[in-house]
Number of protein chains: 2
Amino acid sequence: MPTIKDVAKLAEVSTATVSRVLNGNGYVHSETKERVAEAIKQLNYRPNDVARILFKGRSKMIALFVPDIMNPYFPELARAVEDMTNQHGFTFVLCNTDDDLNKEITYLEALKQKSLDGIIVVSSTMTEEYIQNIDVPVIALDRILHRSMASVTVNNREGSRQAVQYLKDLGCQRIAHISGPEQASNATQRLEGYLDVVKEESWFKESYIEPGEYHFEEAKKATERLLTRHPEIDGLFVANDLMGVGAIKAAESLGIKIPDQLSVIAFDGITLGETTTPTLTTMAQPIYKIGARAAELLIQQIEDRHHEIHSEEFTVELIERDSTRRKEDHP
Amino acid sequence: MPTIKDVAKLAEVSTATVSRVLNGNGYVHSETKERVAEAIKQLNYRPNDVARILFKGRSKMIALFVPDIMNPYFPELARAVEDMTNQHGFTFVLCNTDDDLNKEITYLEALKQKSLDGIIVVSSTMTEEYIQNIDVPVIALDRILHRSMASVTVNNREGSRQAVQYLKDLGCQRIAHISGPEQASNATQRLEGYLDVVKEESWFKESYIEPGEYHFEEAKKATERLLTRHPEIDGLFVANDLMGVGAIKAAESLGIKIPDQLSVIAFDGITLGETTTPTLTTMAQPIYKIGARAAELLIQQIEDRHHEIHSEEFTVELIERDSTRRKEDHP
DNA sequence: TAAATATGTGTAACCCGTTACATATTCATG
DNA sequence: CATGAATATGTAACGGGTTACACATATTTA
């Protein structure tokens with residue numbers, strides 16, 4: 001690999017001049033510039049990023065922390081972050097944290113040693129104390145970590161209200177909820193949205209809420225329990241699509257017909273919901289957009305440390321598919 | 001951030017001694033070692049990886065190139081590579097190439113400037129010429145790129161034969177195939193496996209093969225075309241699970257009952273196949289294992305450049321689910 | 001007991017860029 | 001024409017580690 005010295009020698013200038021040509025700063029005579037450019041081309045020289053990083057203390061590297069990339073919500077998010085990251089000349093590092101604070105800390109320490117520029121975090125586990133100690137720009141994504149930290153999220157509570165209201169409008173009389181983990185801010189917001197609509201109903205019972213932990217299998221079991229205990233349930237709001245698919249599977253195994261006997265609506269809008277039978281009605285997040293926006297905000301903050309960053313909230317949108325009865329199907 | 005100089009000053013030794021303690025090489029008196037360790041702890045010192053990388057010319061960074069992380073086969077693979085990568089103290093970089101040679105090249109150049117140690121590649125597009133020019137350890141995964149390059153794959157041809165034979169054993173009389181892109185080595189191998197079993201059959205026609213490009217939507221359309229043109233088909237071998245789900249959807253939309261009228265078997269063994277109705281019978285790859293093994297081999301090669309690397313082939317295994325008729329259901 | 005070897009530690013060069021500073025030349029302006 | 005500003009380029013320090021080499025002392029070995 002040729003170095004800047006080789007280029008300097010060939011072009012008969014100092015390394016400083018080569019550096020100036022490379023970075024386009026300082027004064028360089030146009031003829032000199034051409035000689036240097038020629039030498040660079042001839043040697044097929046590429047500057048060593050590591051040396052640059054060492055000097056500048058910036059790596060042009062961004063990490064995305066997700067609980068687990070195998071949850072199909074995250075690949076789309078990761079894709080968005082990666083695309084935006086590349087557009088700005090940054091390198092993208094993906095970290096699966098398994099919702100484990102120790103893993104998060106280990107990753108962060110390792111990356112700091114590599115002069116990481118910033119991170120985007122989807123986490124339910126980071127403690128406030130630890131958050132304060134991170135001296136790297138951070139943006140929370142999908143879930144709020146702490147009011148002191150900028151975040152990009154969706155209107156979980158309002159979206160959930162709309163989802164439940166949609167079930168009511170379809171004529172559902174007893175609407176239950178499969179909830180996410182209570183440590184996740186978006187899960188509690190979705191639960192609150194559900195409660196906003198149903199808590200004053202005469203039929204509402206606490207036992208209409210069953211925890212599904214945002215996991216497929218867990219949600220399947222939860223739904224089986226729920227529907228066995230409460231056969232009167234005719235509407236189900238599930239806190240995310242992955243669990244929604246689990247709920248469909250559970251109903252199927254119990255011989256309950258969707259949407260005829262039970263309408264199911266979930267939350268997220270991942271592609272998985274299109275592949276089930278029946279397809280899954282959902283409150284869709286603009287997943288790619290929020291991922292891309294989070295990356296954009298982070299990069300803004302990295303490039304201008306004084307840039308005020310505010311949190312942003314996107315809006316979810318109802319996608320009607322086959323797991324909910326259509327109004328017109330209903331007398 | 002404290003540097004090695006700060007530690008040296010506090011411990012009243014030279015930076016060389018601190019370095020020796022850090023790396024556990026050279027001679028250091030046990031008392032000195034303790035003083036240094038104490039200073040490190042007191043300052044909460046962590047060595048700057050960038051400086052190390054610059055000197056060593058090794059970044060302890062591994063990249064995984066995949067066509068698109070949104071294809072559900074890849075998250076599991078990525079997860080495996082990342083886990084193994086971490087176990088060996090390497091950093092993991094994920095790159096989506098969109099099966100685009102330019103993107104692959106751009107990524108590779110960018111990463112080389114960061115002293116990337118090695119890459120694991122899932123690609124159908126890399127040209128032989130380009131492969132020869134990569135002066136970084138590479139392992140091909142899932143698809144063979146070139147005989148000169150070590151790879152970790154599965155027995156695609158034999159597995160496909162088994163899949164098609166399985167359909168025959170169930171009593172299928174007319175077995176068609178939805179194929180993957182012909183540039184992908186595993187797609188052609190799977191096609192060959194299919195042909196091995198059916199090409200001598202009197203009923204076999206070339207038009208029983210329909211290209212699905214490893215894409216969900218494409219496969220759905222392909223299956224619709226196929227089943228409309230050839231209503232006699234009662235068995236379908238689909239080159240991967242993602243397309244298998246598309247095939248199920250297509251049959252559903254045509255009112256063809258699976259498995260009663262049509263048995264479908266696919267290839268890969270991704271979780272997606274468990275969520276459909278009916279669930280998808282498949283030849284399952286040990287996805288996590290092959291990903292982990294590829295990472296292991298790559299790391300071996302990185303740490304010992306002269307280490308002979310051989311290709312490895314894993315075995316696929318039939319997972320019987322609901323998209324194929326059970327033998328006992330059949331007279 | 002002298003020579004050979006092992007142990008312990010520091011100095012300084014090196015990895016490869018960037019940039020503050022010094023110096024030289026050219027140009028514009030009063 | 002003198003003077004300050006703009007242009008052009010080089011020297012050397014710097015970022016934060018690692019390690020070859022030199023040197024000193026301690027321990028073996030013959």
Side-chain angles (χ1 to χ4, degrees), chain A residues 1-40 43-61 89 91 109-117, chain B residues 1-40 43-61 89 91 109-117:
Chain A
M1 282 265 193
T3 73
I4 199 169
K5 277 184 199 160
D6 302 318
V7 176
K9 200 175 292 173
L10 185 60
E12 297 178 295
V13 294
S14 72
T15 60
T17 299
V18 179
S19 179
R20 281 190 277 259
V21 172
L22 283 171
N23 298 291
N25 48 25
Y27 294 109
V28 183
H29 194 91
S30 61
E31 280 172 27
T32 314
K33 199 179 290 185
E34 268 175 45
R35 273 212 324 284
V36 172
E38 178 56 32
I40 288 173
L43 295 170
N44 190 29
Y45 166 74
R46 301 263 169 273
N48 179 326
D49 259 340
V50 182
R52 285 182 159 169
I53 295 166
L54 177 59
F55 187 86
K56 302 246 182 174
R58 313 278 217 85
S59 62
K60 301 220 88 180
M61 207 163 71
T91 299
E109 291 298 324
L111 290 168
K112 269 194 196 173
Q113 290 186 47
K114 289 191 147 67
S115 302
L116 181 79
D117 285 345
Chain B
M1 282 267 194
T3 72
I4 199 169
K5 279 182 197 161
D6 301 318
V7 176
K9 198 174 293 173
L10 185 60
E12 297 179 294
V13 294
S14 72
T15 60
T17 300
V18 178
S19 180
R20 282 189 276 258
V21 173
L22 284 171
N23 298 291
N25 49 25
Y27 294 110
V28 183
H29 194 90
S30 61
E31 279 171 29
T32 315
K33 200 179 290 181
E34 268 173 45
R35 272 213 323 284
V36 171
E38 179 56 33
I40 288 173
L43 294 169
N44 191 28
Y45 165 76
R46 302 263 168 274
N48 180 326
D49 260 339
V50 182
R52 284 181 159 170
I53 296 167
L54 176 60
F55 186 87
K56 301 246 181 172
R58 313 279 216 83
S59 63
K60 300 221 87 178
M61 207 164 70
T91 299
E109 291 299 322
L111 289 168
K112 270 193 194 171
Q113 291 185 45
K114 290 192 145 67
S115 302
L116 182 78
D117 285 345

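Atom set for the values below is all heavy atoms of this structure, side chains included, hydrogens, waters and symmetry mates excluded. Chain letters run A, B, ... following the sequence lines, proteins first, then strands; residues in each count from 1.
B:Glu109 CD: more than 12 foreign heavy atoms inside a 6.0 Å radius. Shown here is B:Lys9, whose NZ atom has no more than 12 heavy atoms of other residues, nucleotides or ligands within 6.0 Å. The environment of CD in A:Glu38 is crowded: more than 12 heavy-atom neighbours from other residues, nucleotides or ligands sit within 6.0 Å.
With DNA chain D read from its 5' end, the first of the two nearest nucleotides for A:Tyr27 and A:Val13 is the one closest to A:Tyr27. Each of B:Thr17 and B:Leu54 lies near DNA chain D, and the nucleotide nearest B:Leu54 is the one positioned closer to the 5' end. Two residues, A:Ala16 and A:Ala51, neighbour DNA chain C, and the one matched to the more 5' nucleotide by heavy-atom proximity is A:Ala51. The nearest heavy atom of DNA chain C to A:Leu22 and to A:Lys5 marks one nucleotide each, and the one closer to the 5' end goes with A:Lys5.
Dashed line: the shortest gap from a side-chain N or O of B:Lys33 to OP1 or OP2 of C:dG8 is not under 4.0 Å. OP1 and OP2 of D:dG15 both lie 4.0 Å or more from every side-chain N or O belonging to B:Thr3. Within the structure, a side-chain polar atom (N or O) of B:Lys56 is placed less than 4.0 Å from OP1 or OP2 of D:dT19.
Rounded to whole Å, atom P of C:dT26 lies 13 Å from atom CD of A:Glu31. Summarising the geometry, the separation between CG on B:Leu43 and P on D:dG17 is reported as 12 Å, rounded to the nearest angstrom. Look at CD on B:Gln113: it is 13 Å from C1' on C:dC16, rounded to the nearest Å. Atom-to-atom, CD1 of A:Ile4 to C1' of D:dA12 comes out at 14 Å; the value is rounded to the nearest Å. Residue B:Lys114 contributes atom NZ, which lies 14 Å from atom C1' of C:dG17 at whole-angstrom precision. Look at CE on B:Met1: it is 10 Å from P on D:dG17, rounded to the nearest Å. Atom P of nucleotide D:dG16 and atom CZ of A:Arg52 are separated by 19 Å, given to the nearest angstrom. When the C1' atom of D:dT18 is taken as reference, atom CG of B:Asn48 falls 13 Å away, rounded to whole Å.
With hydrogens and angles ignored, a donor-acceptor pair under 3.5 angstrom links the side chain of B:Arg20 to the base of C:dG10.
By the 4.5 Å heavy-atom criterion applied to side chains, B:Ile53 and B:Lys114 are not counted as neighbours. B:Arg52 is listed as a side-chain neighbour of B:Pro47, based on a closest heavy-atom distance under 4.5 Å.
Each of C:dG8, C:dG10, D:dT18 was ranked by its minimum atom distance to the side chain of B:Ser14; first place goes to C:dG10. For B:His29, whose side chain is taken as the heavy atoms from C-beta onward, the closest listed nucleotide among D:dT18, D:dT9, C:dG8 is C:dG8. When distances are taken from the side chain of A:Phe55 to each of D:dT19, D:dC14, C:dC16, the shortest belongs to D:dC14.
Contact annotation for B:Val50: no contact, since no heavy-atom pair falls under 4.0 Å across all strands. Within 4.0 Å of A:Asn23, counting heavy atoms only, lie sugar-phosphate atoms of the nucleic acid but no base atom. Using a 4.0 Å heavy-atom cutoff across all strands shown, B:Ser19 reaches at least one base atom of the nucleic acid.
B:Asn48 places a side-chain N or O within donor-acceptor distance of the main-chain N or O of B:Val50, the cut-off being under 3.5 Å.
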